[in-house]
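Below is one structure, written out as structure tokens, with a few remarks after it.
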Amino acid sequence: MNIYVVQPLHVTIRDLPPTMIVYTSVLLQQMKGSYNDQIRDGFENIKDWARQQGYDPSALKVIGIPNINGAQLIGYECALELEIAPLNTEDIHTKQLPGGRYAILSLDKDSATIGETIRRFFAEYVPQHQLTVDPQRPNYEIYYDHVMDFCVPIQ
């Protein structure tokens with residue numbers, strides 16, 4: 001007998017401050033290996049840049065911003081929280097993530113379950129709690145050692 005137990009979703013609602021980030025954009029192409037490898041390389045590139053500038057990347061908050069077209073992940077911004085003067089080189093850029101009210105889904109960094117957990121959040125939690133997602137602000141992910149927070153702007 002196969003018993004499937006659905007894990008509860010761990011969601012909090014919080015007001016988040018605006019956050020300055022430095023980032024590099026990754027255009028995802030299925031033909032060039034897995035998305036995980038391309039995104040990992042993007043994070044290594046931004047961390048290498050931070051080291052070259054004299055920062056300790058391990059002391060900075062790691063943030064990912066998915067770029068989705070319909071249901072397809074087409075790009076990803078690999079970022080570090082860092083207050084610096086505006087910068088726009090060929091590979092490295094700065095911008096401010098908007099603050100405001102967010103639903104924050106905390107989950108294990110397990111690539112086998114992240115997609116399904118996020119799908120459940122939008123399919124189950126959002127309608128059950130009568131949340132309205134704010135399409136003017138981006139979703140983003142904050143990475144910690146073993147968990148991540150998936151931050152969804154709400155009205």
Side-chain angles (χ1 to χ4, degrees), residues 2-30 32-47 49-50 55-83 92-155:
N2 187 5
I3 298 176
Y4 179 69
V5 177
V6 176
Q7 297 296 316
L9 297 175
H10 302 285
V11 180
T12 57
I13 306 294
R14 291 198 324 249
D15 287 319
L16 298 179
T19 303
M20 275 302 290
I21 60 169
V22 59
Y23 69 97
T24 187
S25 294
V26 177
L27 294 176
L28 299 175
Q29 302 170 2
Q30 274 184 305
K32 291 187 176 180
S34 79
Y35 289 161
N36 289 342
D37 291 341
Q38 292 174 63
I39 292 169
R40 187 177 306 111
D41 290 348
F43 278 118
E44 284 308 310
N45 289 342
I46 196 67
K47 289 176 181 179
W49 175 88
Y55 296 101
D56 175 5
S58 67
L60 303 173
K61 189 180 290 183
V62 177
I63 299 172
I65 307 160
N67 182 358
I68 303 200
N69 185 2
Q72 178 70 37
L73 181 64
I74 60 170
Y76 200 84
E77 293 173 350
C78 301
L80 299 171
E81 181 179 12
L82 186 60
E83 293 276 344
I92 308 297
H93 312 278
T94 57
K95 70 177 173 182
Q96 185 172 44
L97 289 176
R101 197 151 189 78
Y102 284 81
I104 302 166
L105 170 65
S106 297
L107 58 155
D108 291 333
K109 283 194 322 191
D110 176 1
S111 59
T113 61
I114 288 174
E116 176 61 18
T117 305
I118 291 172
R119 184 204 64 75
R120 284 185 49 225
F121 169 78
F122 284 111
E124 298 170 16
Y125 190 91
V126 168
Q128 287 171 2
H129 292 84
Q130 300 175 340
L131 299 179
T132 302
V133 175
D134 181 352
Q136 302 303 314
R137 295 180 288 153
N139 298 334
Y140 63 91
E141 303 160 352
I142 303 173
Y143 294 100
Y144 303 99
D145 286 338
H146 302 289
V147 297
M148 67 176 259
D149 286 344
F150 183 69
C151 303
V152 178
I154 57 175
Q155 297 177 342

Open item on the list: Tell me the closest heavy-atom pair linking V126 and F122, and the distance in Å.
Closed with: CB-O, 3.8 Å
TODO: Kindly determine whether L80 and W49 satisfy side-chain contact (heavy atoms from CB on, under 4.5 Å), including the steps that lead there.
DONE: CA-CA 11 Å; L80 299 171; W49 175 88; 5.8 Å; no
- [ ] Could you walk me through whether Y140 and L16 pass the side-chain contact (heavy atoms from CB on, under 4.5 Å) test, one step at a time?
- [x] CA-CA 12 Å; Y140 63 91; L16 298 179; 3.4 Å; yes
Task: NZ or CZ of K95 within 45° of Y23 ring axis and under 6.0 Å - done: yes
TODO: I would like to know whether I65 and L97 meet side-chain contact (heavy atoms from CB on, under 4.5 Å); could you show each step before the answer?
DONE: CA-CA 10 Å; I65 307 160; L97 289 176; 3.6 Å; yes
Task: Sub-4.5 Å side-chain heavy-atom contact between P138 and P66 - done: no
Task: Flag, side chain of R137 to backbone of G99, donor-acceptor distance under 3.5 Å - done: yes
Open item on the list: To the nearest 0.5 Å, what is the distance between OG1 on T113 and CD1 on I118?
Closed with: 9.5 Å
- [ ] Kindly compute the distance separating CD (E83) from CE (M20), expressed to the nearest 0.5 Å.
- [x] 6.0 Å
TODO: Verify, without hydrogens or angle tests, whether T19 (side chain) and P17 (backbone) share a donor-acceptor contact under 3.5 angstrom.
DONE: yes
Task: Nearest atoms (heavy-atom pairs only) where T117 meets L9 - done: CG2-CD2, 3.7 Å
Open item on the list: As an exercise, state the distance from OH of Y143 to SG of C78, rounded to the nearest 0.5 Å.
Closed with: 8.0 Å
TODO: Mind checking the CG-NE2 spacing from D108 to H10? Nearest 0.5 Å is all I need.
DONE: 8.0 Å
Open item on the list: If I compare all heavy atoms of E81 with all of I21, which pair ends up nearest, and what's the gap?
Closed with: CA-CG2, 4.3 Å
Task: Heavy-atom pair of closest approach, residues L105 and L107 - done: O-CD2, 3.3 Å
Open item on the list: For a quick test of reading the model, state the closest non-hydrogen atom pair linking V26 to Q38 and the distance between them.
Closed with: CG1-O, 3.9 Å
Task: Distance, nearest 0.5 Å, that separates NZ of K109 from CG of D145 - done: 6.5 Å
Open item on the list: I need the minimum non-hydrogen distance between A79 and F43, along with the two atoms involved.
Closed with: N-CE2, 3.6 Å
Task: Test item: D149 side-chain N/O and C151 main-chain N/O as donor-acceptor pair under 3.5 Å - done: no
- [ ] Step by step, work out the side-chain contact (heavy atoms from CB on, under 4.5 Å) result for H129 and I13.
- [x] CA-CA 11 Å; H129 292 84; I13 306 294; over 6 Å; no
- [ ] Determine whether K47 and V62 make a side-chain contact, defined as any pair of heavy atoms from C-beta on separated by less than 4.5 Å.
- [x] yes
Task: Inter-residue atom distance I68.CD1 - L73.CG, 0.5 Å rounding - done: 5.5 Å
